[in-house]
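Beneath this line is the structure, given in structure tokens, with notes to follow.
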Amino acid sequence: MYGGGNVFEATKFDNLQSEDPVKLAEFEARIARGEKIEPTDWMPELYRKQLIRMIEQHAHSEIIGALPEGTWITRAPGFRRKMAQMAKVQDEVGHAQLLYSAAETLGKSREQMLTDLINGKSKYSNVFNYPAFTWADSNIISWLIDAGAIVNQMANAKGSYGPYSRALERICAEEAFHLKYGHDAVVHMATGTPKQREMIQAALNRWWPPIMTFFGPSDKMSTHTETLMRWKVKMASNDECRQQFLDMYVPKIWELGLTVPDPKLKKNQETGQWEYTEPDWDEFKRVINGDGPCNAERLAVRRTAEERGAWVRRALLNPKAKYVKPLA
Amino acid sequence: MSLKSLDPRVTRLNLPEGEVPPMEEKPELDQFETYEAFHQKKEGAAHTYVGPVHAPNEDVAFLFAKEQYSRRFPCVGLWIVRTENIQVTPYGNDGENVYDMLRIEEPAERTEQPEPYEIFHLKKRGKAHTHAGRIMATSYLGALQEAKQQFGDKGPIVNVWIAKSKDVLQSAEEDKDMWTTIPEKKYREAIAYKVMDKITKYKEENKPTTAQ
């Protein structure tokens, strides 16, 4: 489970002038009543575009996120860990399938989404542009990146679009073991030999800055954001998600005697808010736009899989086949 | 120069390093046609919609759906229908009954042999379509009319899907053992990880003592 879908630039806001006011009012009334939107319902262009972007980026994050963990399957210490790591990676790829289908119901084909991913036109969660140097890095991803994603996805599952909610419900159910698996792996290292403790602390030090950018920069509270929140496309602000993550996981890191590499990190008892060193958003922008340690490798690996499998798909294709959008 | 990775297997792919020309657009239907999958959670339960798969034919769609939708949780049956073979009514509002909103004309011709149709109901938006039952009819429209008579008064129904039974690939009774999972697969369940025990033990052993 790799969310973080809210971190990228938003669709241009056309202030809804071009939308039919009667249909728009009915659409908004449906959401206000707490009803879900289904694929054949009328919906404003902004709603459709924003959801395609979010769900597509979420799907890309699942398949790209499987790469840094996938490379650790053969090197995971012991048979049981290999099996568990493999099951987790398989789940993540399955989640991508679910999400691509949900985005497809909004009118963008899987072919187009995959082409856009490989050509750098659509993004995935920026954390996967960083390398997993050791087994301990893989453990930190399994625990804390998944934890961050769960915060995000629990919120989004309550969103207004039926197919996305259905996909997220299934994803959240399958995820239950990932978080425990990741936590267990980190606890094993943290309560092990001095060398193991050193390894897990080093991995935490490497991953903390990307983790802090996982939810994206503070939202600009624009009319655009307000509209998306009213339409239940965006369910919580980036800062709210970050605060919730810190609330739930910093104590769990501390109880293992590990150090979070941010001297300013503390909970302000008066405001109830966590204070921290502002993440390096310039680096975030640079990396998301292609200049990170692993961007080229991630896309090259994905592209190779696409290209080397193409002849198999061509051979299997039924010439009479025609495209039909999934129903829900 | 080829791309160097921390993962030796990636390095061995000899991928080009540096700028590469954009990939050509994937051809249409590269991801195959669309099928819808319905699973049965336990004996006697109605088949429920789980989601779509893309596959080159029905049999492969079944395999993909088995992997995608019944890999992790109990399942005793799976149905696959090609998406284009499902007829869909308009969606009603929550709480409404879509059968009451539709004017279903009596089909004029009644000469053909009736055949079985499967009817699926959506009770609330955002939930999943569930199998309501099988009826006999000579057309989709006739099936809708028959379904209204047989199942139409069962509370709110916001949407109906109809498929001919012959278009539904159903898992066979004797194949149910494909879902039998070996007990050693507990590592896929959260309960298998006794994290708290390890943390408690660690804290016990590392209690700060005043003597030190």
Side-chain angles (χ1 to χ4, degrees), chain A residues 30 33 35-38 40-41 71 80 83-84 87 90-91 94 97-98 101 109-111 114-115 118-119 131-133 162 165-167 173-174 176-177 179-181 183-184 187-188 190-191 255-257 296-297 300-301 303-304 306-307 310 313 316-318 321-328, chain B residues 3 5-7 9-10 13 15-18 20 22-23 25-34 36 49-54 56-57 60 67-68 71-73 82-84 86 88 90-91 93-94 125-129 159 161 185 187-190 192-195 198-199 201-203 206:
Chain A
R30 182 182 302 288
R33 286 199 299 273
E35 286 185 28
K36 302 277 183 183
I37 304 298
E38 292 290 352
T40 53
D41 291 335
T71 71
R80 190 183 158 84
M83 295 294 281
Q90 189 186 18
D91 282 356
Q97 302 272 12
L98 292 170
S101 296
S109 72
R110 294 214 308 185
E111 286 82 2
L114 291 167
T115 303
I118 288 166
N119 289 339
F133 288 104
S165 297
R166 276 189 289 269
E174 291 187 0
F177 108 79
L179 191 61
K180 269 296 196 59
Y181 162 75
H183 192 191
D184 185 69
V187 169
H188 182 83
T191 61
E255 76 176 348
L256 297 171
E297 176 183 333
V301 168
R303 178 173 180 160
T304 307
E306 282 296 328
E307 288 178 345
R313 295 192 299 275
L316 284 172
L317 186 64
N318 170 4
K322 55 183 179 206
Y323 179 73
V324 184
K325 258 199 304 194
L327 289 183
Chain B
L3 198 142
S5 167
L6 286 169
D7 185 346
R9 291 168 310 164
V10 172
L13 290 172
L15 304 175
E17 192 161 38
V20 281
M23 189 183 75
E25 296 262 323
K26 280 164 78 71
E28 203 184 338
L29 279 167
D30 182 70
Q31 299 289 300
F32 307 117
E33 49 187 345
T34 321
E36 308 293 342
Y49 180 60
V50 277
V53 286
H54 288 270
N57 62 47
V60 180
E67 212 43 36
Q68 175 72 37
R71 178 180 80 252
R72 288 286 306 282
F73 299 108
R82 197 188 293 254
T83 304
E84 65 173 345
I86 299 178
V88 184
Y91 278 80
N93 298 324
D94 272 352
R125 287 162 164 271
K127 300 293 175 200
H129 287 72
N159 188 248
W161 289 354
K185 281 195 167 179
Y187 57 80
R188 300 186 305 174
E189 285 160 34
Y193 297 92
K194 309 282 181 219
V195 187
K198 288 184 192 169
I199 296 173
K201 183 162 169 269
Y202 170 77
K203 283 182 176 168
N206 290 276

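Fair warning: this is a prediction, and the values are worked out from it, not measured in the lab. In the text below, chain A, chain B and the rest are named by the order of the sequence lines, each starting its count at 1.
For chain B, the nearby part of A:Glu306 is the side chain; its heavy atoms alone come within less than 4.5 Å. In this structure, chain A has a heavy atom under 4.5 Å from the side chain of B:Leu15, while its backbone stays farther away. With a threshold of 4.5 angstrom between heavy atoms, B:Leu3 approaches chain A through side-chain atoms but not through N, CA, C or O. Looking at A:Val301, both its backbone and its side chain come within 4.5 Å of chain B, counting heavy atoms on both sides. Heavy atoms of B:Lys201 lying under 4.5 Å from chain A are absent altogether. Contact of B:Arg188 with chain A is made through backbone and side chain together, with heavy-atom distances under 4.5 Å. With a 4.5 Å cut-off on non-hydrogen atoms, A:Ile37 touches chain B through its backbone but not through its side chain. Proximity to chain B (any heavy atom under 4.5 Å) is shown, for A:Ser165, by neither the backbone nor the side chain. Looking at B:Glu17, neither its backbone nor its side chain comes within 4.5 Å of chain A, counting heavy atoms on both sides. For chain A, the nearby parts of B:Asn93 are the backbone and the side chain; heavy atoms of each come within less than 4.5 Å. With a 4.5 angstrom heavy-atom cutoff, A:Ala87 touches chain B only via side-chain atoms. Heavy atoms closer than 4.5 Å to chain B are found in both the backbone and the side chain of A:Asp91. Interface remark: A:Asp184 contributes backbone and side-chain atoms alike to the contact with chain B (heavy atom separation under 4.5 Å). Residue contact with chain B, scored on non-hydrogen atoms closer than 4.5 Å, is absent for A:Ser109. In this structure, no portion of A:Ala167 lies under 4.5 Å from any heavy atom of chain B. With a threshold of 4.5 angstrom between heavy atoms, A:Lys325 approaches chain B through N, CA, C or O but not through any side-chain atom. Using a 4.5 Å cut-off between heavy atoms, A:Ile118 contacts chain B through its side chain alone, with no backbone atom that close. Only the backbone of B:Pro27 comes within contact range of chain A, with heavy atoms under 4.5 Å apart. Of the two parts of B:Glu25, the backbone and the side chain both hold a non-hydrogen atom closer than 4.5 Å to a non-hydrogen atom of chain A.
Between B:Glu33 and A:Val324 the shortest side-chain heavy-atom distance does not fall below 4.5 Å. The shortest distance between side-chain heavy atoms of B:Lys185 and B:Arg72 does not fall below 4.5 Å. Proximity of B:Lys26 to A:Arg313: side-chain heavy atoms (C-beta onward) are separated by under 4.5 Å at one or more points. Side-chain contact between B:Asp94 and A:Arg33 is absent, with no heavy atoms from C-beta onward closer than 4.5 Å.
Nearest heavy-atom pair, B:Phe73 versus A:Glu174, reported as atom, atom and distance to 0.1 Å: CE1-CG, 3.6 Å. Looking at every heavy atom in both residues, A:Gly94 comes nearest to B:Gln68 through O-NE2, 2.9 Å.
Annotation: maximal heavy-atom pairing with chain A below 4.5 Å, among B:Ala192, B:Ser5, B:Gly18, B:Pro90, occurs at B:Ser5. Residue with the most contacts toward chain B among A:Asn318, A:Leu179, A:Leu114: A:Leu114 (heavy-atom pairs, distance under 4.5 Å). In terms of heavy-atom pairs under 4.5 angstrom with chain B, the leader among A:Glu307, A:Met83, A:His183 is A:Met83. Put simply, of B:Gly126, B:Gly51, B:Pro16, the one with the most heavy-atom pairs under 4.5 Å next to chain A is B:Gly126. Among the candidates A:Val187, A:Asn119, A:Leu317, the residue making the largest number of heavy-atom pairs closer than 4.5 Å to chain B is A:Asn119. Of the residues considered (B:Gln31, B:Lys198, B:Lys194), B:Gln31 shows the highest number of contacts with chain A, using heavy-atom pairs under 4.5 Å. For the options B:Asn206, B:Asp30, B:Leu6, heavy-atom pairs under 4.5 Å to chain A are most numerous at B:Asp30.
Judged as a side chain to side chain contact (heavy atoms under 4.5 Å, CB included), and not counting sequence neighbours, the contacts of A:Ala84 are A:Tyr181, B:Tyr187, B:Tyr193. The salt bridge (charged side-chain N to carboxylate O under 4.0 Å, His left out) search around A:Arg80 returns none, not counting sequence neighbours.
Under 4.0 Å is where a charged nitrogen must lie from a carboxylate oxygen, and between A:Glu38 and A:Arg166 at least one such pair does. Salt bridge annotation for A:Glu35-B:Arg125: present, with a cationic side-chain nitrogen under 4.0 angstrom from a carboxylate oxygen.
Note: B:Tyr49 and B:His129 have perpendicular aromatic rings, judged against thresholds of 30 and 60 degrees for the angle between ring planes.
The environment of B:Glu28 atom CD is sparse: at most 12 non-hydrogen atoms of other residues, nucleotides or ligands sit within 6.0 angstrom.
A donor-acceptor distance shorter than 3.5 angstrom exists from the side chain of A:Glu111 to the backbone of B:Leu29, with no hydrogens or angles considered. Between the side chain of B:Thr83 and the backbone N or O of B:Thr34 there is at least one donor-acceptor pair closer than 3.5 Å. Looking at A:Glu255, its side chain never comes within 3.5 Å of a backbone N or O of B:Ile199 through a donor-acceptor pair.
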